[in-house]
Amino acid sequence: MHSNIDFMIQAPQTRQATEANPYLESFESFEKDASVRTPSWVFPIRKAGIARFAELGFPTLQNEDWRFTNVAPVRKLPFKPVFEYSRDGVTKQRLNALAFAGLKAHRLVFINGHYSEEFSSTFPERTGVRITSLARALITDSALIERHLASYASDEKNAFAALNTAFFQDGAFLFVPIDTTVEEPIHLLFVSTANEAGATSHPRNLIIAEKGSRLTVLETYASLSQGPYFTNAVTELVVGEGAVVEHCKFQDESMDAFHIATIHAHLGGHSNFTAHSMAMGARLSRNDIRTALKGEGAECVLNGLYVTKGDQLADHHMVVEHAKARCNSHEYFNGILDGRSRGVFHGRILVQPEAQKTDAKQTNKNLLLTDGASIDTKPQLEIYADDVKCTHGATIGQLNEESIFYLRARGIGLDTARTILIHAFAGEIIERIKCKAAREELDNLVWDRLEQNPQIAQKH
Amino acid sequence: MLEIRNLHAGVEGKKILKGIELVIRPGEVHAVMGPNGSGKSTLAQVLAGREGYEITAGEVIYKGKNLLEMDPEVRAREGVFLAFQYPVEIPGVNSTYFLKAALNEVRKHQGLPELDAIEFLAVVKQKMQLLELNQDLLRRSVNEGFSGGEKKRNEIFQMAVLEPKLAILDETDSGLDIDALRIVASGVNKLKRADTAQLLITHYQRLLNYIVPDYVHVLFDGRIVRSGDRKLALELEEKGYDWLIKEEAQPA
Ligand SMILES: Nc1ncnc2c1ncn2[C@@H]1O[C@H](COP(=O)(O)OP(=O)(O)OP(=O)(O)O)[C@@H](O)[C@H]1O
Ligand SMILES: [Mg+2]
């Protein structure tokens, strides 16, 4: 099996060495920029990232982890990293129209991947809490970051994470010390203003919740433009022993955009981590969510919703690694697919020999609203312990005709009946969001989008 | 109010209704009885507009209009109500939300102003008392996890809120305990007005002790083979359907 994987990496290598060229060239000029060299320990990490990317190249359909998602359109984009911060027509008013922007929260705003101090706002929290930009923290908290950065988002097999490591300039740095609760949610708002094809940002977030701390993070990706830009984000989370972290990512990029994101979470004993992934935007989106349950009794919930139409593709690729005993993991993903859109769900559960009494559940339910929509769903269980409870299930279906009739028989029109049922299907996922303000806003937002979507009513 | 003439309907080539004749006038209560599989629910579903049934002959005139041409939601807004034999569970759709949406659709259609949340709640409170329904049920998803009896009671509660002109109750009595039957029946009776009519489908004469019908019809093999007053129900209770069917078989 191992030789097989080696073979897969080797095979495309020669071809992709040339393809990776613009990236290598770009990296050479990027590394000359003194600002990206501070502090000095960052540079070898970047260098390793670009080397890894050069070795891996863009994944192809032959790569088992990318079987259903063709990233050729991303590869073909001109590579134009946005190196400088610019306000680029962003105003407070335009930002306020975006999801979660009105919510009471600490807010870090990033424009094309660069921290925008003028639009960000935080208020005082308990001593030791850091809510700041990673670029700044690299200077002020260098030693702390050095201990963590790039040690969780393993880019061994993840070319995009490697690319991010090579090129990241900014993102959020959140640090919550021992036994500390951050009362308000922290909202990381990534806005794109790029109209240019291939304009690329590599947001990089590092979130550290120490032992016994509590934290809610909302991560949104939105756009004030329409172009085929590319977001390649990485979020690393360290959830300390007994810490409780809720992370809610809302991907609402422009319909022409490409969005690839990696979330790597490292969970300590008896910690509790919830990751919500809501994917509504982008022409092509891919979320790699990797959760490593590294301490006994850790719990994680991965909860996701993808709502696609037209030619969109939304791919979720999860790896849950049960490394220690008595951990729970629950994955719930619902997809609502319209038009000719496609969904991909790949859920791998890896139970290590030590991880006895593992309880791992996985469900993926899909609603296909048209004959043209499709879903590829694939569970993958690798179990090396013997006392384990693992379940998985996937469904693919249409709206229930009996339910539609019941609603109509009470006077509710066909379009509304369909919208109500689709919304209910989305609601199964949305209701798991613990942060009330975010949950309510998302619920309304999904409802509005469904009502706007003319295709919903088309099929009887 | 409702005139059914020579109604033939079926599914996928299978004939189920084979020439139904039935006239219901305002203020009347009609009971339809008949053995399992005779087509009672099919009649109810066809009247409510369920898709999938082929109407091969006949017509249904409701308040002077061709009922069969209307979409199900239009029928409901025009005052046709079907209490389902098997109410469907709809997870994720809140009961209160659903019923408010339904009531406001009906009101809009009738040119009445929509009710806001507070006004709606007042209506709900009053109707819940009528059916002695536990308010908790309204916080849950439509019918989800309701017991058999709760589902039936909930159907009549919806009827009470929507105030239909023609209510079709498909075996609302089955699955109800004796107390619930009394409560539901008294609710239905209170909803009766001079300008409304009710069509009760039932297997048991017991229900008709509480809701007294003006007419009783026996549906057999897709046709109404006998009509009478409530004495017919008592007779059926005593003798079963056999004697009717045997008589039916002999040419008069
Ligand atoms: N959608 C359908 N597809 C196939 N057969 C059907 C369908 N609907 C009804 N039937 C058949 O038509 C016949 C009449 O069914 P219907 O449900 O109307 O009977 P019923 O009189 O209500 O019976 P019960 O007293 O058991 O409720 C039955 O044989 C039933 O199997
Ligand atoms: Mg029936």
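All figures in this text were calculated on a predicted structure; none of them were measured in a lab. Within every chain, numbering begins at 1; the chains are lettered A, B, ... in the order of the sequence lines, protein sequences first and strands thereafter. Heavy atoms only: backbone and side chains are in, while hydrogens, waters and symmetry mates are out.
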Between B/Pro87 and chain A, which part of the residue has a heavy atom less than 4.5 Å away: side chain, backbone, both or neither? both
Using 30° and 60° as the class limits, which term best fits the ring planes of A/His316 and A/Phe333: parallel, tilted or perpendicular? tilted
Is it the case that A/Glu253 and A/His259 place a side-chain donor and acceptor less than 3.5 Å from each other? yes
Who among B/Pro72, B/Ser141, B/Gly92 has the most heavy-atom pairs with chain A under 4.5 Å? B/Pro72
Min side-chain heavy-atom separation A/His187-A/Thr220 under 4.5 Å: yes
Option in B/Gln45, B/His109, B/Glu155 with maximal non-hydrogen atom pairs under 4.5 Å from chain A: B/Glu155
Name the region of B/Glu78, side chain, backbone, both or neither, that has any atom closer than 4.5 Å to a heavy atom of chain A. neither
A/Asp315 with A/Arg286: basic N within carboxylate O range, under 4.0 Å: yes
Go through the atoms of B/Val93 and report whether side chain, backbone, both or neither lie under 4.5 Å from a heavy atom of chain A. both
Measure A/Glu402 against the heavy atoms of chain B and call it side chain, backbone, both or neither at under 4.5 Å. both
Which atoms of B/Arg75 approach chain A - backbone, side chain, both or neither, heavy atom under 4.5 Å: neither
Is B/Val142 in contact with chain A via its backbone, its side chain, both, or neither, using a 4.5 Å heavy-atom distance? side chain
Under a 3.5 Å cutoff, is there a donor and acceptor pairing between the side chains of B/Tyr86 and B/Asn143? no
Ion pair B/Glu89/B/Lys151, N-O distance below 4.0 Å: yes
